[in-house]
Amino acid sequence: MEWSAQEELATAAVNLLERGVDPSNLPHTIHHYETVQTCMRDAIVQILASAGFRAERAEAHTYGSAVHIRGFNL
């Protein structure tokens, strides 16, 4: 399961990264994109948990902002 940011925000972040950025001094757009992705992923985990699912963040390097659903709590 995945929930992603508006395409314009993602595109702006990718464009900045493609031009090259100093990882120790990331632009506001990149920080904002990462914050939005983190908040949305955490929200979907909480929503699924409240509905009885066992959900957790997926491994970011492989799955990006995806959430793994591990089962259902009866």
Side-chain angles (χ1 to χ4, degrees):
M1 171 172 269
E2 187 170 11
W3 186 13
S4 58
Q6 189 174 14
E7 186 175 337
E8 289 84 3
L9 178 58
T11 299
V14 168
N15 288 343
L16 281 170
L17 289 171
E18 285 178 347
R19 283 185 269 173
V21 294
D22 177 0
S24 65
N25 186 25
L26 294 174
H28 172 75
T29 301
I30 304 261
H31 280 292
H32 181 62
Y33 174 78
E34 290 175 351
T35 298
V36 168
Q37 290 295 100
T38 299
C39 290
M40 289 191 317
R41 183 179 50 235
D42 292 348
I44 197 71
V45 167
Q46 291 174 348
I47 291 166
L48 290 167
S50 75
F53 291 93
R54 288 192 319 270
E56 62 188 38
R57 288 179 172 198
E59 197 279 310
H61 292 291
T62 304
Y63 298 105
S65 60
V67 170
H68 282 299
I69 299 173
R70 298 289 185 197
F72 189 74
N73 296 321
L74 298 175

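Remember, it's a predicted structure, so these values are computed and weren't measured experimentally.
- Expressed to the nearest 0.5 Å, how far CG of N25 lies from NE2 of H31 amounts to 7.5 Å.
- Note on V36 and V14: separate hydrophobic clusters, where clusters join Ile, Leu, Val, Met, Phe, Trp and Tyr whose side-chain heavy atoms are under 4.5 Å apart, directly or indirectly.
- Residues R57 and D42 share a closest heavy-atom pair of NH2-OD1, 2.7 Å.
- Looking at every heavy atom in both residues, A55 comes nearest to V45 through O-CG1, 3.8 Å.
- Annotation: the span from L16 atom CG to Y33 atom OH amounts to 12.5 Å, rounded to 0.5 Å.
- Distance CD/E56 to CZ/R41: 12.0 Å, rounded to 0.5 Å.
- Proximity of a side-chain donor or acceptor of T38 to a complementary backbone N or O of T35 within less than 3.5 Å is not detected.
- When atom types are taken as modelled, the side chain of R70 and the backbone of R54 share no donor-acceptor pair closer than 3.5 angstrom.
- Here the CZ-CD1 distance, from F53 to I44, works out to 10.0 Å after rounding to the nearest 0.5 Å.
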